[in-house]
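Throughout, protein chains are lettered first and strands after them, A, B, ... in sequence-line order, and every chain is numbered starting at 1. These values consider heavy atoms only, across backbone and side chains, with no hydrogens, waters or symmetry-generated copies.
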There are 2 protein chains.
Amino acid sequence: MRKENSTNSINERFLFQVCELNSAISIISGRWKSQIVYSISQGNNRFHLLQKELPNISETVLARQLKELETHAILMKTKIPNMVPVGIEYILTNKGNDLVPILERLCDWGKLYSEGKEISVDSIS
Amino acid sequence: MRKENSTNSINERFLFQVCELNSAISIISGRWKSQIVYSISQGNNRFHLLQKELPNISETVLARQLKELETHAILMKTKIPNMVPVGIEYILTNKGNDLVPILERLCDWGKLYSEGKEISVDSIS
DNA sequence: GCAATGACCAACAAAATTGTTAGTGTTTAA
DNA sequence: TTAAACACTAACAATTTTGTTGGTCATTGC
């Protein structure tokens with residue numbers, strides 16, 4: 001786990017306190033995480049639906065990333081009533097939903113430049 | 001360095017190809033990186049100015065993160081003419097500049113919820 | 001009674017990121 | 001001539017993240 005007193009985690013805390021930007025990025029930056037949030041927002045709100053979307057993810061890893069997103073209150077688990085075996089649905093909180101349009105902008109930004117938009121510096125400085 | 005054939009890097013490539021969102025996040029998610037981008041956008045565009053802003057960062061690490069941001073064309077280095085010893089200025093490219101407002105939104109999002117905005121699920125589903 | 005489904009978890013191992021140590025080179029001021 | 005500023009770098013070590021293995025538990029269909 002975390003070593004509270006490593007330079008690494010001291011630096012992490014330092015950045016968290018400089019600006020919320022850094023905590024925000026740390027919440028969404030784990031492997032699979034933002035894709036999971038986006039997939040849930042598109043309706044893939046069950047464990048097995050996410051597995052279908054992300055065929056390379058292992059069950060253990062998916063469960064772990066879901067749990068971390070839950071810890072940061074991006075999503076919540078709810079039991080689907082009268083299901084056997086127990087069915088669980090993942091629902092984005094308002095915090096998670098507010099994140100989605102930001103992720104979409106990030107996506108557009110990435111697309112724009114990968115599709116060849118010219119990169120330059122305007123020396124207006 | 002990178003092991004091209006590890007599950008880890010295969011999964012990374014898989015996500016990159018699913019959506020640009022994932023490459024975008026991987027560009028900005030290294031330790032210090034988004035803070036460096038933001039600081040440069042605020043005018044701290046010299047090596048030593050960044051060190052002043054981020055007192056805990058070591059020279060080696062700062063140089064490394066700047067280089068990676070340069071590799072992803074978020075910023076460019078320029079020599080300041082007639083300076084001795086050689087002065088280097090870091091300038092955001094248009095790609096880097098386009099990122100700044102998105103980082104600001106992420107920051108606001110983080111602030112909103114850290115300042116106590118209530119978290120809930122609207123079960124409108 | 002045995003496998004299958006759905007949703008996990010702990011412990012460990014592999015890999016990646018981050019930080020450290022000890023250097024480089026030029027020039028100017030003390 | 002010695003130190004100090006500026007802007008780095010390579011090699012290594014510490015730490016963290018990611019992936020793997022081998023489980024759990026409850027219920028239904030065969």
Separation of [X] atom [atom1] from [N] atom [atom2], in whole Å?
{"X": "A:I10", "N": "C:dT20", "atom1": "CD1", "atom2": "P", "result": "9 Å"}
{"X": "A:I57", "N": "D:dT20", "atom1": "CD1", "atom2": "C1'", "result": "14 Å"}
{"X": "B:F47", "N": "C:dT26", "atom1": "CZ", "atom2": "P", "result": "19 Å"}
{"X": "B:L49", "N": "D:dA5", "atom1": "CG", "atom2": "P", "result": "15 Å"}
{"X": "B:N56", "N": "C:dG19", "atom1": "CG", "atom2": "C1'", "result": "12 Å"}
{"X": "A:K3", "N": "D:dA13", "atom1": "NZ", "atom2": "P", "result": "16 Å"}
{"X": "B:N8", "N": "D:dG19", "atom1": "CG", "atom2": "P", "result": "5 Å"}
{"X": "B:K79", "N": "D:dC8", "atom1": "NZ", "atom2": "P", "result": "10 Å"}

So, do [X] and [Y] sit near enough that their side-chain heavy atoms are less than 4.5 Å apart?
{"X": "A:S120", "Y": "B:T93", "result": "no"}
{"X": "B:W32", "Y": "B:V61", "result": "yes"}
{"X": "B:L21", "Y": "B:L15", "result": "no"}
{"X": "A:I27", "Y": "A:K95", "result": "yes"}

Hey, is CZ on B:F47 packed in by over 12 heavy atoms from elsewhere, all under 6.0 Å? yes
A:N11 side chain near C:dG19 phosphate (N/O to OP1/OP2, under 4.0 Å): yes
So, is B:H48 close to the D:dA7 phosphate, meaning a side-chain N or O under 4.0 Å from OP1 or OP2? yes
For the pair [X] and [Y], find out whether any cationic side-chain nitrogen is under 4.0 Å from an anionic carboxylate oxygen.
{"X": "A:R64", "Y": "A:E59", "value": "no"}
{"X": "A:R13", "Y": "A:E4", "value": "yes"}
{"X": "B:R46", "Y": "B:E89", "value": "no"}

Counting only non-hydrogen atoms, which of residues 59-78 of chain A are less than 4.0 Å from DNA chain D? A:T60, A:V61, A:R64, A:Q65
For residues 19-37 of chain B, which residues have at least one heavy atom under 4.0 Å from DNA chain D? none
Sorted by position of nearest nucleotide on DNA chain C, 5' first, the leading residue of B:S9 and A:R46 is A:R46
Which part of the nucleic acid, if any, lies within contact of A:T7, taking any heavy atom under 4.0 Å across all strands shown: a base, the sugar-phosphate backbone alone, or nothing? sugar-phosphate
Starting from the 5' end of DNA chain D, give me the residue, A:E4 or B:E12, whose nearest nucleotide shows up first. A:E4
Strictly by modelled atom types, are A:R31 and B:N22 linked by a side-chain donor-acceptor pair under 3.5 Å? no
Taking the side chain of B:S6 as heavy atoms from C-beta outward, which of D:dT16, D:dC6, C:dA15 is closest to it? C:dA15
